[in-house]
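Read through the structure below, which is laid out as structure tokens, and then see the notes.
Keep in mind that what you see is a predicted model, and the values were worked out from it rather than measured.
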Amino acid sequence: MLDATTRSGGTAAMASPRATATDLAVPLPPATATGFAARCARILLSPWSRLSLLVALLLTAVSLMLAFEPQRLLTDGWPAQLGGTAAVVAYAVAYGVCTVAFVPRPLLNLAAGALFGSQLGLGAALGGTVLGAGLAFCLGRALGQEALRPLLRGRWLKAADDQLSRHGFRSMLAARLFPGIPFAASNYCAAVSRMGLLPFLLATALGSVPNTAAYVVAGARASTPTSPAFLIALACIAVPGLAGAVVAWRKRHRLRGR
């Protein structure tokens, strides 16, 4: 009897820890739920999903600009509620957002000169230029570069990408100095390349000064089209444009040979 009791007690004592361990076990979540969440995250963060988001954002911005009609600033003027430094800062921010939405910079530069005069207008236009370029570059780099770089297979595309990636500051400075190169397109092309953000912003700030100043002065003196300042501004707009066209014509054979 003692042996049986002892054996019975020993069996119970040995079974108890097993039952306790089973009771304390925490149920794990199903592996299928974790796998589904991971797949959704991969899809949402994939290069093509981010590129689709960029396209959607740009289309929305363009639609808002078409509805807002920023060209009305040339006829209606700046809102009377804003004045002084606040108006210049507000215009620079609006300028930057408009350039991201592909609003032509010449129109914005003319409006800056007409609204604020030559000096304040130049400050607002340059500030908006750098801001808009930086916004477009960051959006393109974060949402579009990874998806678009594998598509750079054509000879012209490879040549442009190589030029921006290896000589970013010099190439962007030349693009800003010569009018005729679309501002928004050059921003997104630089974002897809391997060009750094700081050289891009410095080249934009320096290279945009002559062309921007010419348009701002022309906008500020538009009421007196026969004045020397207005005529000089027109010359500063036309001469670099012709020079850029000549350079592009002479470089076409070199690009074709690559």
Side-chain angles (χ1 to χ4, degrees), residues 65-66 68-80 82-133 136 169-187 200-252:
M65 289 300 105
L66 291 176
F68 177 69
E69 297 180 357
Q71 65 272 15
R72 291 185 303 176
L73 291 174
L74 290 173
T75 56
D76 300 342
W78 190 252
L82 290 176
T85 306
V88 174
V89 174
Y91 186 84
V93 174
Y95 186 115
V97 175
C98 288
T99 57
V100 174
F102 300 95
V103 176
R105 284 184 64 246
L107 174 65
L108 298 172
N109 292 333
L110 290 172
L115 293 173
F116 304 109
S118 299
Q119 295 181 354
L120 292 179
L122 179 59
L126 285 178
T129 297
V130 176
L131 175 62
F169 178 82
R170 184 176 65 189
S171 301
M172 189 53 56
L173 184 64
R176 299 309 190 199
L177 285 172
F178 296 131
I181 299 177
F183 181 74
S186 62
N187 293 336
F200 171 77
L201 293 179
L202 289 176
T204 298
L206 294 176
S208 300
V209 171
N211 183 261
T212 303
Y215 276 100
V216 169
V217 171
R221 301 300 178 91
S223 58
T224 55
T226 58
S227 63
F230 184 82
L231 296 176
I232 292 173
L234 288 184
C236 292
I237 294 172
V239 171
L242 294 175
V246 171
V247 171
W249 179 260
R250 296 183 61 182
K251 295 290 185 181
R252 75 190 190 284

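In this structure, Leu177 and Pro210 approach most closely via the heavy-atom pair CD2-CG, 4.0 Å. Taking every heavy atom of both residues into account, Ala112 and Ala125 meet most closely at CB-CB, 4.3 Å. Of all heavy-atom pairs between Leu131 and Val93, the closest is CD2-CA, 3.8 Å. Residues Phe230 and Pro225 approach most closely at CD2-O, 3.1 Å, considering heavy atoms. The nearest pair of heavy atoms linking Phe183 to Ala133 is CZ-CB, 3.8 Å. Between Ala214 and Ile237, the shortest heavy-atom contact is CB-CG1, 3.6 Å.
Distance check, rounded to the nearest 0.5 Å: CG of Leu234 to CZ of Arg221 gives 12.5 Å. Thr129 OG1 to Asn109 CG: the interatomic distance, rounded to the nearest 0.5 Å, is 5.5 Å.
Here the side chains of Tyr91 and Leu108 are in contact, with some heavy-atom distance below 4.5 Å. Looking only at side-chain heavy atoms (C-beta outward), Leu122 and Ser118 stay at 4.5 Å or farther from each other. With a 4.5 Å cut-off on side-chain heavy atoms, Asn187 and Phe200 count as touching.
For the side-chain contact (heavy atoms from CB on, under 4.5 Å) with Leu120, the qualifying choice from Val88, Leu115, Val216, Thr85 is Val88, the only one to do so. For the side-chain contact (heavy atoms from CB on, under 4.5 Å) criterion with Met172, the lone passing option out of Thr204, Leu206, Ile181 is Thr204.
At a cut-off of 3.5 Å, with distance as the only test, no side-chain donor of Ser208 or Arg176 sits close to an acceptor on the other residue.
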